[in-house]
Amino acid sequence: MTHLQAGLSPETLEKAKAELKENPDTLHQDIQEVRDMIITRPDIGFLRTDDAFILRFLRARKFNHFEAFRLLAQYFEYRQQNLDMFKNLKATDPGIKQALKDGFPGVLSNLDRYGRKILVLFAANWDQSRYTFVDILRAILLSLEAMIEDPELQVNGFVLIIDWSNFTFKQASKLTPSMLRLAIEGLQDSFPARFGGIHFVNQPWYIHALYTVIRPFLKDKTRKRIFMHGNNLNSLHQLILPEILPSELGGMLPPYDMGTWARTLLDHAYDEETDYCPESYTLSVKDLEKDLSPKTMKRSQSVVEPGVLKRPEKVKSEEENMQPLLSLD
């Protein structure tokens, strides 16, 4: 075991070796091979290239050197292309702070049976008069940056649960295809985290419509890890034990305190009042949409026009919408 593996338990060390092909004998060589590829992308500013940083990208791509480098390049390229998103990326930023205090994201104290950190989003908490969807995305990315410092989570990964209870049609209409694609690019394509499962619960028909919009932008591996539970919380509990879930998700724990994770990041700044106008954010929808090709936009608009949702002719039953229960190993 090298010093780079010092933060891993014996069980996680074995998991890294078996599942990720992590070999302590070649670890420094693996890291250097990724670092040597940086010269092939002079258009990107690689602001951090130390061993510990590159290692998290290797773990995210199971030590495939090329895929790890591609993820590393996309990580910095995404930040270069969306500079406004990453200005003042800290918990005390007014928009991020308000999103955090409303539980975007929530972070459960217990890990799942595979050692994964469980993130929860209660979608109806989004107060669109106080902060934007981009603020929520920034809060999630900031939170992931903090948590991915833990080597155990680099290996074991995360699970995401989104509860759509009481999420209104009006709220959903703000989720344009360009905004959703921005989130997909930031979380799926440009961040070194392993997501073992993404669970939708209590989703209304218009969330199924939005999923149809984003599905073409999801990798096949991601699509296979999205589970549509609807109102059937028993199927959620087959994968995540109710003993570690809050009561809102049919669990045995008390209701989730939305400020729990926010207090961790903000500490004494949690109770300080801040003034913020969502309209002041400089990243416009037009700026986002200009990166979408006409073909892509046409494909998205065939289901949902940006900012406009249409009721589908037929709404599938929950049984039809439920994805096969896959192993989350």
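Since we're looking at a predicted model, the values are computed, not measured.
Taking OG from Ser173 and CD from Gln128, the interatomic distance works out to 6.5 Å, rounded to the nearest 0.5 Å. Taken from CG in Leu137 to CD1 in Ile184, the straight-line distance is 11.0 Å, to the nearest 0.5 Å. Atom NZ of Lys117 is separated from atom CG of Leu108 by 8.5 Å, given to the nearest 0.5 angstrom. In this structure, Leu241 CG and Met252 CE are separated by 9.0 Å, a value rounded to the nearest 0.5 Å. Rounding to the nearest 0.5 Å gives a distance of 12.5 Å between CZ of Phe104 and CD of Gln98. Note: His229 NE2 to Asp163 CG = 11.5 Å, rounded to the nearest 0.5 Å.
Annotation: side chain of His208 is in contact with side chain of Met228 (closest heavy-atom distance under 4.5 Å). Looking at heavy atoms from C-beta onward, Phe46 lies out of side-chain contact with Arg35 at the 4.5 angstrom threshold. Counting heavy atoms from C-beta on, the side chains of His65 and Asp30 come closer than 4.5 Å. A 4.5 Å side-chain heavy-atom check between Arg194 and Asn156 finds every atom pair outside the cut-off. Contact annotation: the side chain of Leu119 approaches that of Leu144 to within less than 4.5 Å [non-hydrogen atoms, C-beta and beyond]. Side-chain contact between Tyr131 and Ile136 is present, with at least one heavy-atom pair separated by less than 4.5 Å. Within the 4.5 Å cutoff, the side chain of Asp112 has heavy atoms near those of the Ile244 side chain. With contacts defined as side-chain heavy-atom distances shorter than 4.5 Å, the pair Pro255/Ser247 qualifies.
In the hydrophobic clustering of ILVMFWY residues, with side-chain heavy atoms under 4.5 Å counting as a link, Leu142 and Phe86 come out together. Follow the hydrophobic side-chain contacts under 4.5 Å out from Leu83 and you never reach Ile96; the two are in separate clusters. Cluster membership for Leu253 and Ile161, using ILVMFWY side-chain heavy atoms within less than 4.5 angstrom, is not shared. Taking hydrophobic clusters as Ile, Leu, Val, Met, Phe, Trp and Tyr residues chained together by side-chain heavy-atom distances below 4.5 Å, Leu27 does not share a cluster with Phe66. Note on Val107: it clusters hydrophobically with Leu89, by side-chain heavy-atom contacts below 4.5 Å among ILVMFWY residues.
Under a 3.5 Å cut-off, the side chain of Ser190 and the backbone N or O of Glu185 do form a donor-acceptor pair. The closest donor-acceptor contact from the side chain of Arg59 to the backbone of Val155 lies at 3.5 Å or more, if one exists at all. Between the side chain of Tyr256 and the backbone N or O of Leu245 there is no donor-acceptor pair closer than 3.5 Å. Of the possible polar contacts, one joining the Asn125 side chain to the Asp102 backbone as a donor-acceptor pair under 3.5 Å is found. A distance-only check finds a donor-acceptor pair linking the side chain of Glu152 to the backbone of Ser9 [under 3.5 Å]. With Lys97 contributing its side chain and Leu266 its backbone, the two residues share no donor-acceptor pair below 3.5 Å. In this structure, Gln171 contributes its side chain and Trp126 its backbone to a donor-acceptor pair below 3.5 Å.
A search for side chain to side chain contact (heavy atoms under 4.5 Å, CB included) contacts involving Ile207 returns Trp164, Phe167, Phe200, Gln203, Pro204, Leu210, not counting sequence neighbours. Legend: residues meeting salt bridge (Lys or Arg N to Asp or Glu O under 4.0 Å) with Arg56, ordered by chain and number and at least two apart, are Glu149. With sequence neighbours left out, Phe195 forms a ring-ring contact (aromatic ring centres under 6.0 Å, His included) with Phe158. Among residues two or more places apart in sequence or in another chain, the ring-ring contact (aromatic ring centres under 6.0 Å, His included) test is passed with His28 by His3. By the ring-ring contact (aromatic ring centres under 6.0 Å, His included) test, Phe191 is found to be paired with no residue, residues two or more places apart in sequence or in another chain being considered. Pro254 is linked by a side chain to side chain contact (heavy atoms under 4.5 Å, CB included) to nothing, counting only residues two or more places apart in sequence or in another chain.
Using a 30° and 60° split on the angle between ring planes, Trp205 and Phe169 fall in the tilted class, from 30° to 60°.
A cation-pi geometry, defined here as NZ or CZ lying under 6.0 Å from the six-membered ring centre and within 45° of its normal, does not hold between Arg61 and Phe57.
Nearest heavy atom pair, residue Ala146 against residue Trp261, reads CB-CZ2, 4.4 Å. In plain terms, the two heavy atoms of Leu121 and Gly103 that are nearest each other are CD2-O, 4.2 Å. The minimum heavy-atom distance between Pro105 and Leu100, with the atom names listed, is CD-CD2, 4.1 Å. Contact record, Leu249 with His237: O-NE2, 2.9 Å, taken as the closest heavy-atom pair. In terms of heavy-atom proximity, Leu182 sits nearest to Tyr78 at O-OH, 2.9 Å. The heavy-atom pair separating Arg113 from Leu239 by the smallest distance is NH2-O, 3.4 Å.
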| field | Chi angles and distances behind the side chain to side chain contact (heavy atoms under 4.5 Å, CB included) call for Arg181, Val213 | value | CA-CA 9 Å; Arg181 186 175 180 184; Val213 172; over 6 Å; no
| task | Take Ile31 and Leu4 through the side chain to side chain contact (heavy atoms under 4.5 Å, CB included) test and state the conclusion after the steps. | result | CA-CA 11 Å; Ile31 292 169; Leu4 291 169; 3.6 Å; yes
| Going through the checks in order, is the side chain to side chain contact (heavy atoms under 4.5 Å, CB included) test met by Leu218 and Ile226? | CA-CA 10 Å; Leu218 298 175; Ile226 293 178; 3.6 Å; yes
| request: I would like to know whether Thr92 and Leu265 meet side chain to side chain contact (heavy atoms under 4.5 Å, CB included); could you show each step before the answer? | output: CA-CA 9 Å; Thr92 52; Leu265 290 183; over 6 Å; no
| For Asp93 and Lys87, what are the C-alpha separation, side-chain angles and deciding distance, and is it a salt bridge (Lys or Arg N to Asp or Glu O under 4.0 Å)? | CA-CA 9 Å; Asp93 173 86; Lys87 288 179 181 176; over 6 Å; no
| task | Kindly indicate, with the supporting measurements, whether the criterion side-chain hydrogen bond (donor to acceptor under 3.5 Å, both in side chains) is fulfilled by Asp36 and Gln32. | result | CA-CA 6 Å; Asp36 288 343; Gln32 189 58 46; 2.7 Å; yes
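Checked for salt-bridge contact, Arg70 and Glu67 meet the test: a charged N lies under 4.0 Å from a carboxylate O.
Applying the 6.0 Å contact sphere to NZ of Lys219 captures more than 12 heavy atoms from other residues, nucleotides or ligands.
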